[in-house]
Amino acid sequence: MTSTTGVKIPPPVHNSLKLKALDPASQAGRITFPGQTRGQKADRLQLVAKIAPIAESDAALHHWSATGVAVTGGNAYISWHSNHQASEIENVSIPADAWGGALDVVSIAALMAPQQGVSPISNTMTSLRVKFNNVVADGGNLYFPLTCYNNGAVVGRMAIGSTEAMDTIGIPGSSANAVYVQGNTIYAATGYAGGVFSMPSDFTDETEFTVVAPYSQTFGGKYIADGYVLRTDDTESQLVPLAGGEARSLGAPLTSAEKYAEAYDPANGVWYPLQGETAAHFGKHTMAIANGYIYVAGGKGQGTVNGLRVYGSTGNAPVWQNGTNTTAVCVEGDYVYAATGAGLRVYEKYDGTNLKLYAYEVKEYDNDGNAIGHAAGTDAHSSNFVAVDPQSGLIFVACGQSGVYVFRLNHDAPATKVDVSLVFPGIGEEGNLKEEAEPGDKVEFTVPSKTPEVPEGKEFVGWKDPSNPDKVYEPGEKIEVEAGDKNSTTTFEPVYKDHEYAYVVKFRYYNADDAVNGTALTGTSGIPADLKSDTNSFTIPDVTPVWEQRTFEGWSLTPEADYENTTLIAKGATFTIPDGAKEVTLYGVWSSRITGGGGETPTPPQDPNAGGEDTGGEG
C-alpha cells in the first residue's frame, strides 16, 4: 500500500458485504406508468414511467435517494442511499449503522411493454452498512463507490446476477464518489478530503491499493470519465489525467450552495459535521467526453450558477456555457442529456458554435405522459445522475428522493416553436422585430438604422436592454438572443447623452464678478440663458433685461463698457463669435437716469455687489 507523508491512511478493509434481498412483490407498486402514447408534439419528450423510492417498513428512517443508474444486459441497475447524515436527521441523533444503501434491478423490456401483474423490478437488495453513491457496469460485474459507516470511502464489486454478497475494499477519504473501470484496473475518486486510488478489478483480501493522486484535505474528487478525474477545491476545478501529467484547470470551482455534509475521522472512527464553504464541495458533479469536447455539469455555486459547460481540447475557459443549474450529464449518440434543477434537458451535441436544445422536461404531464403546456420543469427534485439505454432509447434520471424518472424521445414530433421579439420604441414598425425559433436556438437580430426623436440638447447614442444596462447597441449592430422555453419580448430603451456644442454665448448682468446667470441680483430680471450652437452665428434674444432704475443699452464683449463710446450689440441682432473663439461672454451695458436740478445726466453703473445707490450729476 502506498502512503502519503503526513497523512494517516487507513489500511484496506476487505469485507464480504451481505445484502438483504427484498420480496419483489413488495416493490411492485413503486413503478407507475402514465401510458404508452405519443409524446407531446411540442416538446419531443415523453414521460414513460416513475420509479418511487424503496418500499419497506423503515423506509422513512432511510430517506431513500436515487443516486445512479447503469444499463447493461437488458436491465437497469439503480443505486440508492439514505439521504441523511450519520450524526443527525431532523434533530434526532441516529447511529451510522442505521444508514442504508440499496440496488434495484429493473427489466427494461417490462418498462417498455408493461403488463398487468408483471413488475419490472425483478430484485431489490439493501444494506445498512453502506451508502450506494453510484453504480457502474463493466463486463460481468457491477462496481460501486460507497460510504461505509465504519471505514468511510469504500469500493464495492458484485457479480451481475448475484443477490447475496458484495466484495469491498476501503480507501482513504470519507466517501467514494466515483469509480471507473479501465481494462483490469478500477480507479476510484474520493471526496473533498480524499484523492484518487487504483486497484485490480479482481481485488482480493491480499490486494493493496495504489495512490494515483495524493490524498489531500481539499482534493474534492467528483467523477471519472475516459481517463480523467474531475475534481475541485476552493480555487478551481481541474481535470486530472489518470495516466499522470499536469492537471488542466477549468477556470472555476465546482460547489453547491447550502450544502450539509460530514466527514469520517479514521483515527477515531467517528463522523463529524461539516458546514459552510467546506461542505459546499460535497455536491454531485459529473462529466462526459465525446468528439473532442468535454461536457461538465457545473451545478450551482454559492451565489452563482456554473451551469452546463463545454470545453475544447485545450484552455481553461468553456467554449460554451449556459446558466441552467446542471448536476449530471451524459452523451449518447447525437445527443447530450443533462439532469438539471429544472428537469431533464436534451441537447444536440456541440457543433463548434452552439449546444442546441432539442427537448426538455416540462412542469406537468397528463395521465398519458403528454406534456401540459410548455413551462419548464421545476426545482422539485434533485437530479443526481442521468443514463441512456442505447437499445431502447430509455432515459433514466436519478432524482434523489423524488425517485427515478424514465423518459424517451419522440423524434417524429414537430419541433417546438417560440416567438422571440425585440422592441425598439419610438421608431414605428421598423422597431418591432420578431423571429420564430426552437428553444435553445440562437436568433440574430440587426439593430434598426432608424433612430427615435432626440430631445433638445441631447445626442442619440444607441439602445440598451434594461436587464443589461452596461451594454449599448448601436444602429446596425448584431444582437444574438437564445430562444427560451416560451415566447419572449425584450423592450429596449434609447440612450442619450448631452450634446457637446461647438460654440457658446453666455450673458451676464454687468461683469464677471456678478452673480451667475439665473441667480438674480436685487431688482433684476430678464437676462437670457446661455446660447449653444454648432455654428458661430447667433441671434441675440429680443429681450430687454431690467436692473433696478437703470436703462439697458445693449451688450458688449467687455465688462464696464462705455455705452456712449462703444459699439454695442443690440437685442435681436445677429452676432458672430470672433474667429478662433469657441465661447464668449456678453455683458450688459446700462445707463442711469436720475432727475436732478440740471436735468437728466447718465452715469456709468456701479458694481451692484458694492452696495449703495447711484447718484446723479450736478444740475
According to ring pair (Phe, Tyr, Trp, His ring centres under 6.0 Å), who are the partners of F460, at least two apart in sequence or on a separate chain?
W463

Could you tell me which residues satisfy side-chain hydrogen bond (donor to acceptor under 3.5 Å, both in side chains) with Y295, sequence neighbours excluded, listed by chain and number?
none

Gap separating the CD1 atom of I186 from the CZ atom of F197, nearest 0.5 angstrom
14.5 Å

Does a side chain donor of either N177 or K222 reach within less than 3.5 Å of an acceptor in the other side chain?
no

Do Y143 and D138 have side chains that get closer than 4.5 Å, going by heavy atoms?
yes

What one should report as the nearest heavy-atom pair of A297 and T327 is CB-C, 3.4 Å

Between the side chains of S175 and N133, does any donor sit under 3.5 Å from an acceptor?
yes

Could you check whether atom NZ of K442 has more than 12 heavy atoms from other residues, nucleotides or ligands sitting under 6.0 Å from it?
yes

Considering all heavy atoms of both residues, which atom of V388 and which atom of C330 are nearest to each other, and what is their separation?
CG2-SG, 3.9 Å

Would you check if there is a donor-acceptor pair between the side chains of D419 and S421 at a distance under 3.5 Å?
no

The reported gap from CG in D465 to CZ in F492 (rounded to nearest 0.5 angstrom) is 5.0 Å

Inspect the contact between E482 and K356 and indicate whether a charged nitrogen and a carboxylate oxygen are less than 4.0 angstrom apart.
no

What's the shortest heavy-atom distance between Q321 and R309, and which atoms?
NE2-NE, 3.5 Å

Can you tell if the side chain of T185 reaches within under 4.5 Å of the side chain of S198, non-hydrogen atoms only?
yes

Using salt bridge (charged side-chain N to carboxylate O under 4.0 Å, His left out) as the criterion, list what pairs up with R248, not counting sequence neighbours.
none

With a sphere of 6.0 Å drawn around CD of E474, does it hold more than 12 non-hydrogen atoms of other residues, nucleotides or ligands?
no

Could you go step by step and tell me if V397 and F385 meet the side chain to side chain contact (heavy atoms under 4.5 Å, CB included) rule?
CA-CA 6 Å; V397 184; F385 199 78; over 6 Å; no

Parallel, tilted or perpendicular for Y180 and Y187, by the 30°/60° rule?
tilted

Y358 ring center near H411 ring center (under 6.0 Å)
yes

Would you say that I108 contacts N75 through its side chain, given a criterion of any heavy-atom pair below 4.5 Å between the two side chains?
no

To the nearest 0.5 Å, what is the distance between CG (L230) and CG (L250)?
6.5 Å

Testing the 3.5 Å rule here: is there a donor-acceptor pair between the side chains of E236 and S249?
yes

Point-to-point distance, once rounded to the nearest 0.5 Å, from OG1 of T489 to CG of L433
11.0 Å

Walk me through whether T490 and V423 qualify under side chain to side chain contact (heavy atoms under 4.5 Å, CB included).
CA-CA 6 Å; T490 302; V423 176; over 6 Å; no

Which value, rounded to the nearest 0.5 Å, describes the distance between S402 atom OG and I51 atom CD1?
13.0 Å

Polar side chain donor-acceptor pair, Y228 to D226, under 3.5 angstrom:
no

Side chains of Y77 and V69: does their closest heavy-atom pair fall under 4.5 Å?
no

N134 meets the side-chain hydrogen bond (donor to acceptor under 3.5 Å, both in side chains) criterion, sequence neighbours left out, with none

Taking the side chain as everything from C-beta on, heavy atoms only, tell me whether V420 gets closer than 4.5 Å to F445.
yes

Output yes when K349 and D351 qualify as a salt bridge under the 4.0 Å nitrogen-oxygen rule, no when they do not.
no

Residues in ring pair (Phe, Tyr, Trp, His ring centres under 6.0 Å) with Y350, at least two apart?
Y293

Run the side-chain hydrogen bond (donor to acceptor under 3.5 Å, both in side chains) test against S79 and tell me which residues pass, sequence neighbours left out.
T67

Residue that, paired with R345, satisfies side-chain contact (heavy atoms from CB on, under 4.5 Å) out of T340, T326, L355, L45
T340

Relative to each other, are the rings of F144 and F132 parallel, tilted or perpendicular (30° and 60° limits)?
tilted

Which atoms form the tightest heavy-atom contact between Y347 and N322, and what is the distance?
OH-ND2, 3.1 Å

Student check: side-chain heavy atoms of I294 and V310 closer than 4.5 Å
no

Will you find, in the side chains of N468 and Y473, an N or O donor that is under 3.5 Å from an N or O acceptor?
no

Does L142 offer a backbone N or O that forms a donor-acceptor pair with the side chain of R157 under 3.5 Å?
no

L103 versus M158, closest heavy-atom pair with distance
CD2-CE, 3.4 Å

CG/D233 to CD/Q238 distance, rounded to the nearest 0.5 angstrom?
6.5 Å

Is there a side chain to side chain contact (heavy atoms under 4.5 Å, CB included) between H285 and Y223? Walk through the geometry before answering.
CA-CA 7 Å; H285 300 271; Y223 197 69; over 6 Å; no

Give a yes or no on whether the backbone of G173 and the side-chain of T190 come within a donor-acceptor separation of less than 3.5 Å.
no

Worked check of side chain to side chain contact (heavy atoms under 4.5 Å, CB included) between S237 and R231:
CA-CA 6 Å; S237 55; R231 65 161 293 269; over 6 Å; no

Could you tell me whether the side chain of I479 reaches within less than 4.5 Å of the side chain of V481, counting heavy atoms only?
yes

With a 4.5 Å heavy-atom cut-off, do I169 and V154 have their side chains touching?
no

Contact summary for L111 and V48, nearest pair of heavy atoms
O-CG1, 4.2 Å

